[in-house]
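Reviewing the structure listed below.
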Amino acid sequence: MIISIVIILVLVICIYLLLNFYAPLGASQSSARRREFSQSNNYEGKSFINAIPTTMGVASSSKERMSLMADFIKGNPNSRPRKPLEIIPLSENHFAAGDKPRLTWFGHSASLLQLDGKTILLDPMFGRAPSPVSFIGGKRYSKKLPFEIEQLPIIDAVIISHDHYDHLDYGSIVKLKSRVKRFIVPLGVAPHLVKWGIEPAIITEHDWWDELSYEGIQLVCTPARHFSGRSLTDRNATLWCSWVINGQSANIFFSGDSGYGPHFKEIGEKYGPFDLTLMECGQYNKHWESIHMFPEQTVQAHMDVRGEVMIPIHWGAFTLSLHDWTDPVERVVRAAKERNINIATPRIGEAVQIGATSYPVEEWWNKQGSD
């Protein structure tokens, strides 16, 4: 009995230390912060909420939960490429500010936006795996990124959509922090960054529909239908969002993670049309369809926000669901063609000039990732 009690106490102490002092987990919210959040229309009780009822992906019955668990244990041999994906290496010249706006996708949701002479990173997850422990979790499909972080110029702004590991990565932020002039994040995310050594003065937090101007670029923190959290105790302690990024030369919409909902049409009516949309289209499943879109819904969401050209994101880097790794892009391309939607499918590291007369449309995934 004494041995059992000692073991339990040791486990409790270890969990306490892990939750409070293991940096990659981030920070918890203080009571004062929670009181501030209570002023938000999107905060209820002790957590943020979606605008419409949204389930977090728990199967409705014990039988369904067991079936889902069995599917994950069994796995899908086609859920990741059989060999590492090829990337387009970037030289330092690539990061020089140009006259025309362009977007470079790095896999999943991480992107570099060059707009009006400014350099902006969107959800810069540059780590090996979307996990608090780098050697645990599904590894990145490509062996490396198209660049080394040391190659990056001074970053005018890092824009974050929410605090999940596949969007907000501790290791990436620590490597980037000396190069970034401003972090622009949804409510509650700042304490993570402060814990990781970011000066509070260069962080701004925003609620849905907050409008701000930074370095001549107009931004709006817009709704998404999702959730947040980095540990067992902080579900929905921070807000999740999408972003409108409007410069003189282009108007861009970044969806973040989101299930389909009426917010897309509302965003389009208020801030569209958009020259380019970055729309999530991967890691879906029928068990969590309210927090991640199926590819056909991705196309509809693009139409709802009144987008001109769409780049599908949230695929091509990590396996977080059970579908084939190419299923998201194949389905979204097919749905876009059926509805006469302009879609760009750049390779990882391939720059897309916004407003160009033509966009990359090669189905490169059919030539990569197989034996």
Side-chain angles (χ1 to χ4, degrees), residues 47-81 107-109 123 129-131 137-138 141 161-167 223-229 232 235-236 240-242 255-265 277-305 310-339 341 343 345 365 369:
S47 60
F48 288 96
I49 58 175
N50 283 290
I52 60 176
T54 300
T55 58
M56 294 297 112
V58 179
S60 60
S61 67
S62 296
K63 183 177 180 181
E64 284 187 358
R65 286 192 288 272
M66 292 298 293
S67 175
L68 181 61
M69 186 180 299
D71 288 342
F72 269 103
I73 293 173
K74 179 181 178 182
N76 173 7
N78 297 317
S79 67
R80 60 181 296 115
H108 207 61
S109 298
D123 283 0
S131 164
Y141 295 167
S161 65
H162 63 298
D163 72 359
H164 283 159
Y165 289 100
D166 55 325
H167 297 262
R225 190 183 181 199
H226 199 56
F227 70 111
S228 66
L232 298 174
R235 171 66 65 88
N236 294 344
W240 49 95
C241 70
S242 55
S255 74
D257 280 6
S258 181
Y260 184 72
H263 60 284
F264 288 115
K265 187 173 183 181
T277 69
L278 306 173
M279 304 295 290
E280 75 122 72
C281 79
Q283 321 316 320
Y284 44 81
N285 186 283
K286 65 179 182 179
H287 293 293
W288 52 84
E289 61 182 347
S290 62
I291 56 174
H292 282 297
M293 289 185 284
F294 288 99
E296 295 76 18
Q297 293 175 313
T298 297
V299 172
Q300 182 60 56
H302 167 81
M303 297 173 67
D304 288 352
V305 300
M310 176 179 67
I311 294 180
I313 60 172
H314 211 246
W315 76 282
F318 306 109
T319 294
L320 301 173
S321 187
L322 294 166
H323 54 66
D324 289 4
W325 78 274
T326 59
D327 195 54
V329 70
E330 289 171 349
R331 286 175 60 174
V332 80
V333 166
R334 182 166 58 249
K337 289 179 178 178
E338 290 173 354
R339 306 189 73 170
I341 296 300
I343 187 169
T345 54
W365 52 90

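Since the model is a prediction, treat every value here as computed from it, not as a measurement. Atoms considered below: every heavy atom in the structure, side chains included; atoms not considered: hydrogens, waters and symmetry mates.
- For C241 against A224, the heavy-atom pair with the smallest separation is C-CB, 3.8 Å.
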May I have the step-by-step check of side chain to side chain contact (heavy atoms under 4.5 Å, CB included) for Q300 and R339, ending in yes or no?
CA-CA 9 Å; Q300 182 60 56; R339 306 189 73 170; 2.8 Å; yes
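- To the nearest 0.5 Å, the span separating CD1 on I343 from SG on C281 amounts to 7.5 Å.
- Looking at N285, its side chain does come within 3.5 Å of a backbone N or O of H287 through a donor-acceptor pair.
- Nearest heavy-atom pair, G229 versus D163, reported as atom, atom and distance to 0.1 Å: N-OD1, 2.9 Å.
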Go through the steps for R331 and R334 under the test side chain to side chain contact (heavy atoms under 4.5 Å, CB included), then give the verdict.
CA-CA 5 Å; R331 286 175 60 174; R334 182 166 58 249; 3.3 Å; yes
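- Distance NZ/K265 to OH/Y260: 8.0 Å, rounded to 0.5 Å.
- Within the model, atoms NE2 of H226 and NE2 of H167 stand 6.0 Å from one another, a figure rounded to the nearest 0.5 Å.
- Between G107 and A317 the shortest heavy-atom distance is C-CB, 3.9 Å.
- If you check the side chains of W240 and N50, you find a donor sitting under 3.5 Å from an acceptor.
- For the residue pair T345 and V333, the shortest heavy atom distance occurs at CG2-CG2, 3.9 Å.
- Remark: F227 CZ to R225 CZ distance equals 13.0 Å, nearest 0.5 Å.
- No hydrogens or angles considered: a donor-acceptor pair under 3.5 Å links the side chains of S258 and H263.
- Under the 3.5 Å distance criterion, the side-chain polar atoms of E280 are matched with a main-chain donor or acceptor of M293.
- Panel note: side chain D123, backbone S161; a donor-acceptor pair is recorded below 3.5 Å.
- A distance of 10.5 Å separates CG in D327 from CD in Q283, rounded to the nearest 0.5 Å.
- Between H162 and H164, the ring-plane angle classifies as perpendicular under the 30° and 60° cut-offs.
- The two residues W325 and S79 make their nearest non-hydrogen contact at CB-O, 3.3 Å.
- By the 30° and 60° cut-offs, the orientation of the rings of H314 relative to H108 is tilted.
- From D257, atom CG reaches atom NE2 of H292 across 4.5 Å, with rounding to the nearest 0.5 Å.
- No side-chain heavy atom of Y165 sits under 4.5 Å from any side-chain heavy atom of F318.
- Of the residues listed (V305, T277, L278), the one engaging M310 in a side-chain contact (heavy atoms from CB on, under 4.5 Å) is T277, and it is the only one.
- When all heavy atoms of S290 and T55 are compared, the pair lying nearest together is OG-O, 2.7 Å.
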Any chance you could lay out the side chain to side chain contact (heavy atoms under 4.5 Å, CB included) test for Y141 and T319, step after step, and finish with the verdict?
CA-CA 9 Å; Y141 295 167; T319 294; 2.6 Å; yes
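- Proximity of F264 to S242: side-chain heavy atoms (C-beta onward) are nowhere separated by under 4.5 Å.
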Start with the C-alpha gap between N236 and I49, add the side-chain angles, then the distance that decides, and say whether side chain to side chain contact (heavy atoms under 4.5 Å, CB included) holds.
CA-CA 7 Å; N236 294 344; I49 58 175; over 6 Å; no
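- Using a 4.5 Å heavy-atom cutoff, the side chains of H302 and T298 are not in contact.
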